[in-house]
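Heads up: the structure comes next, in structure tokens.
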2 protein chains.
Amino acid sequence: MEFDDKIPIYYQIKNDLYHRIVAGDLAPGEKLPAVRQLAVDLTVNVNTVQRALSEMVTEQVLTSKRGVGNFVTQDTTKITALKQRLSHGYIERLYTQLHALRLSDGEIVAAIQEYMATTNEEE
Amino acid sequence: MEFDDKIPIYYQIKNDLYHRIVAGDLAPGEKLPAVRQLAVDLTVNVNTVQRALSEMVTEQVLTSKRGVGNFVTQDTTKITALKQRLSHGYIERLYTQLHALRLSDGEIVAAIQEYMATTNEEE
DNA sequence: AATAGTGTTCTACTTTTCTATTACACTATA
DNA sequence: TATAGTGTAATAGAAAAGTAGAACACTATT
């Protein structure tokens with residue numbers, strides 16, 4: 001995984017896990033790899049992984065069983081809410097940014113469709 | 001100006017200036033406030049302002065005249081290119097993020113239009 | 001009971017960012 | 001030619017994030 005050095009790594013790890021959970025890549029109730037294994041996979045220190053996971057436990061997106069492992073919550077309403085929260089946040093940020101560049105609502109939609117058209121074309 | 005403590009302040013200052021330049025709030029050739037004044041306005045250290053500005057000089061978005069001041073470039077093609085670069089980057093990031101959440105192209109456009117509808121309604 | 005695998009916590013160190021302060025370099029103008 | 005206003009640079013210190021390594025706590029299995 002590549003990291004943006006402008007943003008704390010633990011924060012980027014959280015976001016990556018959020019995405020994998022919402023996408024269903026990590027199913028409700030599924031056990032995560034061991035923290036030491038995750039640290040190896042991400043080429044990062046155990047403490048950095050731990051910080052990301054412990055925050056997600058606090059947020060009740062994960063549950064932790066000492067001596068056993070970390071697990072994705074079984075409460076699917078939490079996951080749905082997470083998806084909503086993330087996508088709404090992303091859209092809000094884009095809207096704010098493009099508005100600051102003085103793009104109108106119509107121009108914003110057009111720019112996105114234009115982006116999609118050129119992106120899919122090249123595949 | 002409020003800062004996000006997850007991102008370096010000098011970086012956020014750069015982005016704020018980018019936006020003000022692209023929006024025309026700071027016109028081509030216009031003189032910026034003195035670095036010490038900007039530091040006061042932003043309640044930040046002079047060096048932090050200086051770091052933001054010097055990077056923008058390197059990028060040729062600003063020009064600097066020692067003993068005189070910092071100025072927005074007069075080269076409007078640079079500004080247009082900057083606007084393109086920023087908006088494309090923002091859209092690309094949104095697209096990547098929402099795709100990671102398994103939203104299709106159509107769902108992405110719909111979600112944005114839905115967002116715009118509810119936002120404008122409340123005004 | 002022993003052991004291996006797991007989460008958790010702690011301390012020490014490094015790097016980056018930001019602040020504080022001072023000094024230096026240049027320009028315009030009184 | 002002073003002087004005020006400007007950009008530029010350098011040093012030192014504080015705070016936050018990350019790394020490294022070790023130790024501790026708990027669980028399941030043998």
Side-chain angles (χ1 to χ4, degrees), chain A residues 1-18 20-21 26-75, chain B residues 1-18 20-21 26-75:
Chain A
M1 179 176 172
E2 291 171 11
F3 296 106
D4 178 347
D5 67 0
K6 295 281 183 304
I7 303 170
I9 293 175
Y10 80 90
Y11 199 80
Q12 297 182 58
I13 292 173
K14 274 181 70 173
N15 265 288
D16 181 55
L17 289 174
Y18 282 154
R20 288 162 66 181
I21 291 169
L26 290 169
E30 183 172 345
K31 185 181 176 211
L32 270 59
V35 287
R36 289 171 184 78
Q37 186 58 48
L38 279 172
V40 170
D41 295 347
L42 300 167
T43 56
V44 138
N45 190 271
V46 179
N47 294 324
T48 308
V49 172
Q50 187 63 25
R51 177 160 183 187
L53 297 192
S54 68
E55 289 193 5
M56 293 176 77
V57 169
T58 302
E59 296 163 10
Q60 300 182 313
V61 173
L62 298 181
T63 59
S64 175
K65 291 185 196 162
R66 195 187 190 107
V68 183
N70 287 292
F71 300 83
V72 177
T73 180
Q74 297 212 344
D75 183 349
Chain B
M1 179 177 172
E2 292 171 12
F3 296 106
D4 177 348
D5 67 0
K6 295 277 185 308
I7 302 170
I9 293 175
Y10 79 91
Y11 199 80
Q12 297 182 60
I13 292 174
K14 274 180 70 174
N15 265 288
D16 182 55
L17 290 174
Y18 282 155
R20 289 163 65 182
I21 291 169
L26 290 169
E30 184 172 344
K31 186 183 175 210
L32 298 179
V35 287
R36 289 172 183 78
Q37 186 58 48
L38 279 172
V40 170
D41 295 347
L42 300 167
T43 57
V44 137
N45 191 269
V46 180
N47 294 325
T48 308
V49 172
Q50 186 63 26
R51 177 161 182 186
L53 297 191
S54 68
E55 289 192 5
M56 292 175 78
V57 169
T58 303
E59 296 163 9
Q60 300 183 313
V61 173
L62 299 181
T63 58
S64 175
K65 290 184 196 162
R66 195 187 189 106
V68 183
N70 288 292
F71 301 83
V72 177
T73 180
Q74 297 212 346
D75 183 350

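Predicted model, so just to flag it, every value in this text is computed and none were measured. Basis for what follows: all heavy atoms, side chains included, without hydrogens, waters or symmetry-related copies. Chain letters run A, B, ... following the sequence lines, proteins first, then strands; residues in each count from 1.
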Any residue of residues 48-58 of chain A with a heavy atom less than 4.0 Å from an atom of DNA chain C:
Gln50(A)
Over how many whole Å does the gap from Gln37(B) atom CD to dT6(D) atom C1' extend?
12 Å
Heavy-atom donor-acceptor pair, Thr48(B) side chain to Val44(B) backbone, under 3.5 Å:
no
Is it true that the side chains of Asp41(B) and Gln37(B) contain a donor and an acceptor less than 3.5 Å apart?
yes
Which pairs pass salt bridge (Lys or Arg N to Asp or Glu O under 4.0 Å) with one or both residues in residues 58-74 of chain B, sequence neighbours excluded?
Lys14(B)-Glu59(B)
Leu62(B) atom CG is separated from dT8(D) atom C1', nearest whole Å, by 15 Å
Please report the distance, rounded to the nearest Å, between OH in Tyr11(A) and P in dA16(D).
17 Å
Hey, are the side chains of Asn70(A) and Lys31(A) touching, using non-hydrogen atoms and a 4.5 Å cut-off?
no
Indicate yes or no: at least one non-hydrogen side-chain atom of Val46(A) is less than 4.5 angstrom from one of Leu38(A).
no
Readout for nucleotides 20-30 of chain D: B = base within 4.0 Å of protein heavy atom, S = sugar-phosphate only, - = neither; 5' to 3' it is BB-B-BBS---
Would you check if Leu32(B) and Leu53(B) make a side-chain contact, meaning some heavy-atom pair closer than 4.5 Å?
yes
If I take atom CZ in residue Phe3(A) and atom C1' in nucleotide dT16(C), what distance separates them, rounded to the nearest angstrom?
17 Å
Measure from CD1 on Ile7(A) to P on dA16(D) and round the result to the nearest Å.
19 Å
Can any side-chain N or O of Gln12(B) pair as donor or acceptor with the backbone N or O of Asp4(B) at less than 3.5 Å?
yes
Nearest-nucleotide 5' precedence on DNA chain D, Lys31(B) against Thr43(A):
Lys31(B)
Nucleotide of dT6(C), dT17(C), dT8(D) approaching Pro8(B) most closely (side-chain heavy atoms):
dT17(C)
Let me know the distance between NZ of Lys6(B) and C1' of dT16(C), rounded to the nearest Å.
16 Å
Approximate separation, where rounding is to 0.5 Å, of Leu26(B) CG and Tyr18(B) OH
13.5 Å
May I have the distance from Leu38(B) (atom CG) to dT6(D) (atom P), rounded to whole angstrom?
11 Å
Nearest-neighbour nucleotide for the Ala34(A) side chain, dT6(C), dT8(D), dT8(C) considered
dT6(C)
To the nearest Å, how far apart are Asn70(B) CG and dT6(D) C1'?
9 Å
Are the side chains of Gln60(B) and Thr73(B) in touch, meaning some heavy atoms are under 4.5 Å apart?
no
